[in-house]
Amino acid sequence: MQRLQRARAWVAARPPSTFLLGGWAVFVLGCYPGYLSVDSALEFYEVRGGTYSDTHPALATLLWRAFEWVMAGPFPMLLLQSGLLLFGAAALLRKVLSPRAAALGAVAVLLFPPVSAAMSPIWPDSLMAGALVAGLAALLEPRRRWKLVGLALLVLACNCRFACIAAVVPLLAIVPTSLIGWRRVAAIAGVAIAIEGAAIAADRILVDSDDYLAEQALMLPDTVAVMRRHHVTSERSLEAAFAGVPLLDAHRLREITGGKHDPSDWWGLAHGDRRSFDPVVDPDEAWALYRDWRHAALNHPADYLRHRIQMAKRLVGWVEPADPIFDDLGDFDLLAPMHHRAIPSTWELATRAVAHAADSLRLFRVWLYLVAAIALLVLVRVPLVRALTASGLAYELAMALFAGGFDYRFSHWLVTATCIAGAAAALSRRYAR
């Protein structure tokens with residue numbers, strides 16, 4: 001009993017910054033210097049080469065390139081995305097909780113495996129989540145300079161994923177303003193349009209080459225799935241459905257559209273020996289792909305919606321969920337020209353074991369957080385909680401409609417926003433500010 005009292009006294013005597021820095025160190029040491037998928041490694045090549053493609057967010061590549069002047073490798077980006085999330089969450093929770101409770105809640109969110117597992121790799125989705133949390137925290141500050149910082153962070157978030165604007169609008173709704181009624185709605189719409197416009201403009205200014213990967217990842221599987229569900233198997237009809245797109249093997253595509261399952265990944269459709277298409281490489285082909293995708297969706301809306309509903313089920317982990325954990329420090333051969341070598345420490349291996357144990361307990365099932373977000377939105381009257389849950393739900397809906405896959409990282413913002421909102425709702429009963 002005395003030990004417990006001493007422990008409580010020790011915790012009570014520590015400033016909130018102690019818990020924040022300690023939790024940050026625990027997280028960083030568990031994934032140092034940052035996990036690198038193939039996408040991350042290819043972005044690393046762009047950072048070192050000084051080139052920018054539309055495959056990766058241009059502002060994130062620019063930041064990473066700037067960090068290279070101070071410290072080479074992915075570690076600065078790991079610090080950036082995790083620091084934005086941790087300190088941004090602490091600042092948000094301080095709006096409704098005591099400073100110490102806010103710090104402990106922020107640390108708990110960062111170290112929670114379903115959040116930390118997607119914050120460990122260097123991904124646009126991880127940086128987007130951190131920028132959204134820190135951006136909202138800055139916008140809620142009374143000083144103008146912090147509001148400008150908040151707007152810049154929201155631009156960064158939208159540059160990571162253009163669909164992020166769906167997550168931004170509910171957050172803007174709780175920013176204090178003297179406007180009311182339709183003027184307030186118009187102001188929110190105007191700021192959201194300006195943020196998205198700035199994100200797109202930054203991408204257009206910085207990008208040197210267009211690879212059209214995002215368009216292909218979404219539109220190729222969608223169009224092929226609509227053809228399959230509409231039972232289009234004639235080679236002549238398939239050639240007409242993909243007019244202007246580099247269709248390589250109509251016979252192979254006929255086998256796919258006559259199958260039992262929708263294609264969920266564009267890579268196999270346009271790569272490998274059994275591909276049906278060649279990759280889109282110029283604006284004319286990209287425009288033709290968009291035209292064919294739009295034609296398929298508008299002319300066969302029921303088939304299109306059934307396909308997207310199936311994709312949404314996989315996105316939230318209801319059926320055939322994707323592996324939610326990526327814990328690879330990078331392929332040695334791929335990263336050899338970058339002179340990047342890393343092996344996991346014992347602490348990292350223990351962290352990975354915790355994450356996989358959480359996965360075995362089904363804690364990574366996104367639909368759990370979907371249900372929790374809806375419950376918090378309906379039952380809790382705290383504006384911050386409602387804004388975060390509405391933001392997570394809006395972004396998940398956008399991903400259900402426009403995601404070119406069903407990776408767990410596409411749902412990371414819903415999970416993160418729900419966890420922060422849940423911490424605020426749970427701790428506010430006893431540790432209210």
Contacts of type side-chain hydrogen bond (donor to acceptor under 3.5 Å, both in side chains), residue Tyr369, not counting sequence neighbours: none
Parallel, tilted or perpendicular: which describes the rings of His300 and His230, with under 30° parallel and over 60° perpendicular? tilted
Counting only heavy atoms not in His295 (residues, nucleotides, ligands), do more than 12 fall under 6.0 Å from its NE2? no
Exercise: identify the closest heavy-atom pair between Thr418 and Ala373: OG1-CB, 3.5 Å
Suppose we screen for side-chain hydrogen bond (donor to acceptor under 3.5 Å, both in side chains). Which residues come up paired with Ser37, at least two apart in sequence or across chains? Ser40, Trp123
State, yes or no, whether a side-chain contact exists between Phe27 and Ser120 at a heavy-atom distance under 4.5 Å. yes
Can you list the steps and then say if Met311 with His307 is a side-chain contact (heavy atoms from CB on, under 4.5 Å)? CA-CA 6 Å; Met311 289 291 290; His307 165 64; 3.7 Å; yes
If we ignore hydrogens and angles and just use 3.5 Å, is the side chain of Glu348 paired with the main-chain N or O of Ser345 as donor and acceptor? yes
Go through the structure and list residues passing side-chain contact (heavy atoms from CB on, under 4.5 Å) with Tyr45, not counting sequence neighbours. Leu334, Pro337, Met338
Measuring centre to centre across the rings, with the benzene-like ring taken for any Trp, is Trp24 within less than 6.0 Å of Phe87? yes
Is there a donor-acceptor pair under 3.5 Å between the side chain of Glu68 and the backbone N or O of Gly73? yes
So with a 6.0 Å cut-off around CG of Leu361, is the heavy-atom count from everything else above 12? yes
More than 12 heavy atoms of other groups within 6.0 Å of Arg341 CZ: yes
Could you tell me whether Lys95 and Glu141 make a salt bridge, using a distance below 4.0 angstrom between a side-chain N and a carboxylate O? yes
Is the backbone of Met128 close enough, under 3.5 Å, to the side chain of Arg161 for a donor and an acceptor to pair up by distance? no
Could you tell me how the ring of Tyr408 sits relative to the ring of His412: parallel (under 30°), tilted (30 to 60°) or perpendicular (over 60°)? tilted
With a 6.0 Å cut-off (strictly less than), is the heavy-atom count around NZ of Lys147, excluding the residue itself, greater than 12? yes
Kindly write out the residues that satisfy side-chain hydrogen bond (donor to acceptor under 3.5 Å, both in side chains) with Asp278, not counting sequence neighbours, or none if the list is empty. Arg275
Output field: ring centroids Tyr290/Trp287 closer than 6.0 Å: yes
Does the side-chain contact (heavy atoms from CB on, under 4.5 Å) test come out yes or no for Leu136 and Ile174, once each step is laid out? CA-CA 9 Å; Leu136 176 59; Ile174 65 166; 4.2 Å; yes
Note: Ala286 and Val280 closest approach over all heavy atoms is N-CG1, 3.4 Å
side-chain contact (heavy atoms from CB on, under 4.5 Å) between Leu80 and Phe67, worked out: CA-CA 10 Å; Leu80 175 65; Phe67 289 146; 3.8 Å; yes
Among all residues two or more places apart in sequence or in another chain, which pass the salt bridge (Lys or Arg N to Asp or Glu O under 4.0 Å) test with Arg252? Glu255
For Arg228, is there an ion pair with Asp303 - N to carboxylate O distance below 4.0 angstrom? no
Taking side-chain hydrogen bond (donor to acceptor under 3.5 Å, both in side chains) as the cut-off, I'd like each qualifying pair that reaches into residues 191-204, sequence neighbours left out, listed once. Arg204-Asp210
